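Below, each value reflects all heavy atoms present in this structure, side chains not excepted, and no hydrogens, waters or symmetry copies. Predicted model, so just to flag it, every value in this text is computed and none were measured.
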Amino acid sequence: MDTAILPSTFLLTLLLLVGLFFFIRAATKDRTETAQLISEQEEAVLMPQLQDYFRSRSYRVAEVDRDQNQVTFEGFVQPSLFLAIFLTLLATVGLICLSFVLSLLLPNISSFFLGIILLAPLSGLFYWKKAGRTEKVLLHLQKANQDEPNSLGKITVTAHRDELIELQKALDLKLSD
């Protein structure tokens, strides 16, 4: 093989592994967002629906602040078994490629590089330990217009972005402009 091909292939393989490393790390990143949602229902009807929704999603009421009309829910988010297996598979493929390129570059110690593949399950373990965590959801209810008694309710929700999407779908809430 041409001597310029192997070092360039090694460099590209290292760049791909750097991307893989950041992809695995990003799988555990906290994606908490704040959204203002509008409900066409009154607060007296909406609050029990919100409590039932979060209870069905395995959240519990952690704190209630009646002065600010704010409720904090807590729940443990399970890591995804599929994603842990997928990340382990990606790491395995990446490390196989690295060991193959290294064995071509340094054929004298090529059997040593196959041992690198044994590091692949660490990526799934890393994801599993970091992704399983307690999530908090903060709800702050207020009326959109304080002067009108039957005005639309405005809810400020701080939660994981996937939870916000599911909440909007389940309770038919609209994003505030």
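- The distance from the CG atom of Leu141 to the CG atom of Leu37 is 10.0 Å, given to the nearest 0.5 Å.
- Taking the side chain as every heavy atom from C-beta outward, Val64 and Val61 approach each other to under 4.5 Å.
- Scanning both residues, Thr28 and Ala131, for their nearest heavy atoms gives CG2-N, 4.1 Å.
- Of all non-hydrogen atoms in Leu105 and Pro7, the two that sit nearest each other are CD2-N, 4.3 Å.
- Between Phe113 and Ser103, the closest heavy-atom pair is CD1-N, 3.8 Å.
- One hydrophobic cluster, built from ILVMFWY side chains closer than 4.5 Å, holds both Phe73 and Leu171.
- Residues Ile24 and Ala91 come closest through the heavy atom pair CD1-CB, 4.3 Å.
- For Phe86, the CZ atom sits in a loose shell: 12 or fewer heavy atoms of surrounding residues, nucleotides or ligands are nearer than 6.0 Å.
- Atoms CH2 and CG, from Trp128 and Leu122 in turn, are 16.0 Å apart once rounded to the nearest 0.5 Å.
- When hydrophobic clusters are built by joining Ile, Leu, Val, Met, Phe, Trp and Tyr residues whose side-chain heavy atoms come closer than 4.5 Å, directly or via intermediates, Leu17 is not grouped with Ile96.
- Between Glu135 and Arg133 there is a salt bridge, since a side-chain N of the basic residue sits under 4.0 Å from a carboxylate O of the acidic one.
- Looking at heavy atoms from C-beta onward, Cys97 lies out of side-chain contact with Leu16 at the 4.5 angstrom threshold.
- Of the inter-residue distances, the one linking Leu90 atom CG with Ile85 atom CD1 reads 12.5 Å to the nearest 0.5 angstrom.
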Please determine whether ring-ring contact (aromatic ring centres under 6.0 Å, His included) holds for the pair Tyr59 and Phe54, giving the CA-CA distance in whole Å, both sets of side-chain angles, and the decisive distance to 0.1 Å.
CA-CA 5 Å; Tyr59 284 89; Phe54 284 112; 5.6 Å; yes
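- Between Leu106 and Asn108, every side-chain heavy-atom pair lies at or beyond the 4.5 Å cut-off.
- Cluster membership check: Leu12 does not share its hydrophobic cluster with Val93, using side-chain heavy-atom separations under 4.5 Å among Ile, Leu, Val, Met, Phe, Trp and Tyr.
- Cluster annotation: Leu14 is connected to Leu6 through the hydrophobic network of ILVMFWY side chains, with a link wherever side-chain heavy atoms come within less than 4.5 Å.
- Surrounding CZ of Phe76 are more than 12 heavy atoms belonging to other residues, nucleotides or ligands, all under 6.0 Å away.
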Verdict with supporting geometry, Gln70 and Leu138, side-chain contact (heavy atoms from CB on, under 4.5 Å)
CA-CA 7 Å; Gln70 184 171 313; Leu138 284 113; 3.0 Å; yes
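- A 4.5 Å side-chain heavy-atom check between Ile155 and Leu50 finds at least one atom pair inside the cut-off.
- Within the 4.5 Å cutoff, the side chain of Glu166 has heavy atoms near those of the Arg57 side chain.
- Residues Thr158 and Val137 fail the side-chain proximity criterion, which asks for heavy atoms closer than 4.5 Å.
- The backbone N or O of Lys29 lies less than 3.5 Å from a partner atom in the side chain of Arg31, making a donor-acceptor pair.
- Rounded to the nearest 0.5 angstrom, Asp65 CG and Leu139 CG are separated by 12.5 Å.
- A 4.5 Å side-chain heavy-atom check between Thr34 and Thr156 finds at least one atom pair inside the cut-off.
- The OH atom of Tyr127 lies 4.5 Å from the OG atom of Ser80; values are rounded to the nearest 0.5 Å.
- Annotation: the span from Gln49 atom CD to Asp52 atom CG amounts to 8.0 Å, rounded to 0.5 Å.
- The residue from Gln168, Lys169, Lys174 that alone fulfils the side chain to side chain donor-acceptor pair (under 3.5 Å) condition with Asp172 is Lys174.
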Taking it one step at a time, do Val77 and His160 satisfy side-chain contact (heavy atoms from CB on, under 4.5 Å)?
CA-CA 10 Å; Val77 177; His160 189 277; over 6 Å; no
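- In this structure, Phe10 and Leu98 have side chains that are in contact, with non-hydrogen atoms separated by less than 4.5 Å.
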Candidate pair Met47 and Val71, rule side-chain contact (heavy atoms from CB on, under 4.5 Å), full reasoning:
CA-CA 10 Å; Met47 196 57 189; Val71 180; 3.1 Å; yes
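- With sequence neighbours excluded, no residue forms a ring pair (Phe, Tyr, Trp, His ring centres under 6.0 Å) with Phe126.
- Smallest separation of non-hydrogen atoms from Ala120 and Thr92: CB-OG1, 3.2 Å.
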Determine whether Thr13 and Phe100 satisfy the following criterion, side-chain contact (heavy atoms from CB on, under 4.5 Å), listing intermediate values before the conclusion.
CA-CA 10 Å; Thr13 304; Phe100 179 67; over 6 Å; no
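- In terms of heavy atoms, Thr88 sits closest to Pro121 at CG2-CA, 3.8 Å.
- Connection of Ile109 to Leu114 is not established within any shared hydrophobic cluster, with ILVMFWY side chains joined at heavy-atom distances below 4.5 Å, either directly or through further cluster members.
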